Amino acid sequence: MSNDLKDMARSIVAGVGGEANVSALVHCATRLRFTLKDEAKADKAALQAIKGVVAVVQSGGQYQVVIGNTVPDVFDAISNVTCINADTKPAQVAATEAAVPGEKAAVGKTPKQLLDMAIATISGIFAPMLTALCGGGMLKGLMMVLMAAGWLDSASGTHAVLNAASDSVFYFLPMILAVTSARRFEASPYVAMVIAGALIYPDILALAKAGTATTLLGITFVPINYTSTVIPIILAVYAMSKLEKFSVGVLHSSVRPFLSPMISIGVVVPATLLIIGPAATMLSGAFASTYTWMFGVNPILAGAVFGGLWQILVIFGLHWGLVPVMLNNLSVFKQDGLAASVTPAIFAQAGAALGVFLKTKDPQMKAIAAAAAASGIFGITEPAIYGVNLRFKRPFVIGVIAGVLGGAVVAVAGAASHAMAPPGLLTLPVFMGDGFVTFLITVAVAYFGAAIATYLFGYNDGMLEAEKKV
């Protein structure tokens with residue numbers, strides 16, 4: 001790890017008010033997402049002045065430092081030079097704190113504060129597993145290309161191995177979510193994994209497949225297949241975190257290390273199979289039904305709304321609120337049309353940055369726009385948004401309009417993704433299926449259309465000159 005990267009990490013930590021001011025830190029594809037004890041102690045101007053920092057956004061209950069493609073390296077550097085990302089605190093330590101960061105009592109909170117808490121919790125749970133989801137999704141997309149070209153036989157051993165490799169992240173999603181949820185709720189990740197493992201234990205899966213009723217504590221129930229599910233394990237770990245803190249408060253330290261996990265496992269697993277799991281499954285079904293209803297009533301409007309909103313949500317880091325919906329769609333329907341609807345919007349912002357690159361005569365602006373356009377087509381639009389499009393406003397508006405139109409067309413075509421992967425050039429194969437040709441044409445039109453529109457009337461160097469005079 002280079003000294004420059006370590007120096008950057010130290011500067012960022014200093015800019016957010018120091019290590020003592022950080023309650024939690026996760027990262028997504030492009031951002032460091034800090035949960036701060038006091039945001040007033042952070043120095044936004046100092047952070048924005050750090051070389052390599054694209055922007056700073058305060059939203060969703062988090063202090064977000066936008067880095068770009070190298071955010072995993074910066075995150076690792078912060079972990080290396082500080083103790084911020086040490087493993088989850090022991091339950092006895094967590095129990096002495098007033099509340100979990102981002103999960104403080106909702107009593108008396110305003111709607112905005114509640115939304116911030118929800119987004120912070122969602123991003124805290126899902127952001128750490130993004131790379132695993134991307135890797136599995138991209139491998140599945142590559143397999144689809146190889147099969148379509150006739151280079152991979154679906155009955156071969158090679159297919160079986162690659163399918164296991166690409167699908168395992170989704171099949172065992174409850175196990176992964178158990179770890180990230182436990183860290184978010186400051187509970188034991190190992191006990192959480194045991195609970196998740198019980199939900200997808202072979203004997204339970206066999207009962208679920210057979211639809212055979214059985215009894216638990218004298219109560220008759222029919223086990224559910226929890227592989228690939230999202231909501232049940234999150235609620236189960238949340239319940240576990242509360243029980244764990246309660247156990248820590250009442251058990252003597254001499255018996256706490258083994259009695260506390262025994263109580264958590266012995267109580268939460270049955271409670272999940274009998275109550276939490278079925279209720280969460282009903283909630284998942286409600287989400288799926290609402291999504292289906294929206295696209296069934298008016299697919300043009302639904303696609304246009306999601307296509308237009310996506311990049312606006314990205315500005316504030318609120319797009320994470322839709323990630324559980326995408327995962328839930330894949331779990332319930334085995335495909336997700338929402339990801340398809342927002343893909344043209346992503347390419348449109350990259351195209352708008354390309355339009356600026358082609359139009360500007362300023363060497364520095366040309367270099368910034370070129371880099372932003374290049375990263376945008378691979379699904380990383382923050383450099384394009386913050387460095388170019390939003391900076392001059394018109395390119396961003398053009399990108400949003402293209403996203404609205406593209407989202408509407410893709411929704412009508414019925415295109416959908418068949419694996420969880422960030423929309424971009426390398427992951428287009430995961431959308432192979434119904435409406436795929438229309439989807440590709442729409443994405444291309446959104447990209448080149450936004451570039452042409454930006455070149456013609458979305459940008460001129462006079463805007464850059466005016467900006468320099470301000």
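Because the structure is predicted, anything quoted here is derived from the model rather than measured.
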Give the minimum heavy-atom separation between [X] and [Y], together with the two atoms involved.
X	Y	value
Thr229	Tyr226	OG1-O, 2.5 Å
Val13	Glu19	CG1-N, 3.5 Å
Phe295	Gly303	CE2-N, 4.1 Å
Ile204	Leu199	CG2-O, 3.9 Å
Leu301	Asn298	N-OD1, 3.0 Å
Ile78	Thr82	O-OG1, 2.6 Å

I need the [X] [atom1] to [Y] [atom2] distance, nearest 0.5 Å.
X	Y	atom1	atom2	result
Glu382	Gln311	CD	CD	8.0 Å
Leu259	Ser254	CG	OG	8.5 Å
Thr381	Leu390	OG1	CG	11.0 Å
Phe34	Gln62	CZ	CD	10.5 Å
Thr227	Asp167	OG1	CG	9.0 Å
Thr281	Ile224	OG1	CD1	4.0 Å

Quiz item: If we ignore angles and hydrogens, is there a donor and acceptor under 3.5 Å between the side chains of Ser188 and Glu244?
Solution: no
Has [X] got a side-chain atom pairing as donor or acceptor with [Y]'s backbone, closer than 3.5 angstrom?
X	Y	value
Ser166	Asn163	yes
Asn225	Lys209	no
Ser241	Ala187	no
Arg256	Leu251	yes
Ser375	Ala372	yes
Lys245	Glu186	yes
Lys140	Val430	no
Asn389	Gln349	yes

Practice problem: Decide yes or no on side-chain contact (heavy atoms from CB on, under 4.5 Å) for Thr180 and Arg183, but give the supporting numbers first. | Solution: CA-CA 5 Å; Thr180 59; Arg183 287 178 174 166; 5.8 Å; no
Which donor-acceptor pairs under 3.5 Å do the side chains of residues 413-426 make with protein atoms, sequence neighbours left out?
residue, atom, partner, partner atom, Å
Ser417, OG, Asp336, O, 3.4
His418, NE2, Met432, O, 3.0

Answer yes or no: are there more than 12 heavy-atom neighbours, outside [X] itself, under 6.0 Å from its atom [atom1]?
X	atom1	result
Lys334	NZ	yes
Asp434	CG	no
Phe333	CZ	yes
Phe436	CZ	yes

Side-chain contact test, heavy atoms from C-beta onward, threshold under 4.5 Å: evaluate it for [X] versus [Y] and give yes or no.
X	Y	value
Val314	Arg31	yes
Leu25	Thr35	no
Asn80	Lys6	yes
Phe75	Ile84	no
Pro223	Thr214	yes
Tyr238	Arg184	no
Val237	Ile195	no
Ile234	Ile125	yes

Exercise. Could you please spell out the steps behind the side-chain contact (heavy atoms from CB on, under 4.5 Å) verdict for Lys51 and Met8?
Key: CA-CA 8 Å; Lys51 184 179 179 182; Met8 180 183 180; over 6 Å; no
Practice problem: Take Tyr386 and Val57 through the side-chain contact (heavy atoms from CB on, under 4.5 Å) test and state the conclusion after the steps. | Solution: CA-CA 10 Å; Tyr386 296 113; Val57 181; 3.2 Å; yes
Quiz item: Going through the distances and angles, do Leu327 and Phe170 end up as a side-chain contact (heavy atoms from CB on, under 4.5 Å)?
Solution: CA-CA 9 Å; Leu327 283 169; Phe170 197 66; 3.9 Å; yes
